[in-house]
Structure formats: structure tokens, C-alpha cells
Amino acid sequence: MPPAKRCKVVKQFNNAFETFTAIGLFKTLGSGNGLTLEERQELGIEYFREGIPCPFLEDESCSIHSDRPLACREYLVTSPAYNCIAPTPETIEMVAMPKKISATMNKISKKDSPGNSPGYIPLIAVLNWTEENPDRFPMRSDPEWMRIALLEMKSKEKAGQQTNTS
């Protein structure tokens, strides 16, 4: 990312982080682990109600679409964008994903850092988290992450098949 754009994005991350901290959403969110699907969805709606734009949003579009985070790739909303102004469970329509790669990646992070996995990290907290945990996980190339994720999914599928045939 060019330095000027990076500076702007970092400032937007910091502003969003400060706003979330001030309104207490991080306390509500906790680690995100242990929250029910409904609780996570309600937090998402609360996030939209605050009107805090994604730090990567430019001119109403994602400025990093081809490199967007995994969570964004899984968040498949089909309702009109104007419904996000005042979202409710009735106005936001999502495509249900039968399998989420984020669950697999979370499982991999738990293996990489047993007993010390961060679990869910809100996007706006990622920069702060990585500054505080610079060496938490091993560096891997994209192909290596993909290989590990596919192996994890394959082992999970085999385990499920063995359970179904037992």
C-alpha cells in the first residue's frame, strides 16, 4: 500500500478502534468465543447502527476487495445496501454458508498457539492486536496457509465420515 494511503487507512482504523472502545462494544464482545450465533449477529447489527465505516471503505466501495479479509469474503449479504443504515435481523438477508473457512483457520490458530489462541478479533482491533503480538504465529506464505487449511478441512471431513459410519 502506498505510504499516503496506508497512513489514511491506519488513521481510520485508529478512529474506529477509539469509537468502539468509547461506546463499550469491546467489553460486550469480549473474545467473541462462546457467543451464540444470535449474539454475534446482534453485535454485527450494533456495529452497523454506530455508522462506523470500514477502514478500507473508499467512495462507498471496498478499496482492498481482491485482498479483503476472510471474514469479509464469508459475509454474503444480499439485501439492499440502504438496509444497513438501520439494520435489523428482518432487513439484513445473508446467504448461509455450509462451511466457513474462518472456522478452520481458527482451529489452525489454536493448534499453532495451544491455550493462547486469540479466537475472534474484530477487524478494527487487528492493527492493535498485531502490534501487541508481533511474533504470536509463524509466518507462512499464502500457498502454505491454503495447504494447511485444506488438510485441516480434509481431516475434519474424514472424522465426520467416521462418526457417521460408527
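These numbers come from the heavy atoms of this one structure, side chains and all, not from hydrogens, waters or symmetry mates. The structure presented is a predicted model; accordingly, all values stated were derived computationally and were not measured. In this chain, numbering begins with 1 at the start of the sequence shown.
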(message) Would you compute the distance between atom CG of Asn15 and atom NZ of Lys11 and round it to the nearest 0.5 angstrom?
(response) 6.5 Å

(message) Please find the pair of heavy atoms, one from Phe20 and one from Ile124, that lie closest to each other, and give the distance.
(response) CG-CD1, 3.3 Å

(message) Minimum heavy-atom separation for Arg73 and His65, please, with both atom names.
(response) NH2-O, 4.1 Å

(message) Using the rule that Ile, Leu, Val, Met, Phe, Trp and Tyr join whenever any side-chain heavy atoms are under 4.5 Å apart, tell me whether Trp129 and Val126 fall into a single cluster.
(response) yes

(request) Find the distance between CD1 (Ile148) and CD1 (Ile108) and round it off to the nearest 0.5 Å. (result) 6.0 Å

(request) Using a 4.5 Å cut-off on heavy atoms from C-beta on, say whether the side chain of Asn128 contacts that of Glu131. (result) no

(request) Could you tell me which non-hydrogen atom of Gln12 sits nearest to which non-hydrogen atom of Leu57, and how far apart they are? (result) NE2-O, 4.2 Å

(message) Rounded to the nearest 0.5 Å, what separates atom CZ in Arg147 from atom CD in Glu152?
(response) 12.0 Å

(request) Check Ala149 against Thr104 and note the closest heavy-atom contact, atom names and distance. (result) O-CG2, 3.6 Å

(request) State the NZ-OG distance between Lys8 and Ser63, to the nearest 0.5 angstrom. (result) 8.0 Å

(request) Starting at CE of Met139, measure out to CD of Glu144 and round the result to the nearest 0.5 Å. (result) 12.5 Å

(request) Please round to the nearest 0.5 Å and tell me the distance separating atom CG of Asp67 and atom SG of Cys72. (result) 11.5 Å

(request) May I ask whether Ile23 and Phe17 are part of the same hydrophobic cluster, defined by side-chain heavy atoms of I, L, V, M, F, W, Y residues being less than 4.5 angstrom apart, directly or through others? (result) yes

(request) Would you indicate whether Lys5, at its atom NZ, is surrounded by more than 12 heavy atoms from other residues, nucleotides or ligands within a distance under 6.0 Å? (result) yes

(message) Under 4.5 Å side-chain heavy-atom separation, chaining through any Ile, Leu, Val, Met, Phe, Trp or Tyr, what else clusters with Phe56? Say none if it is isolated.
(response) Met1, Val9, Val10, Phe13, Ile64, Leu123, Leu127

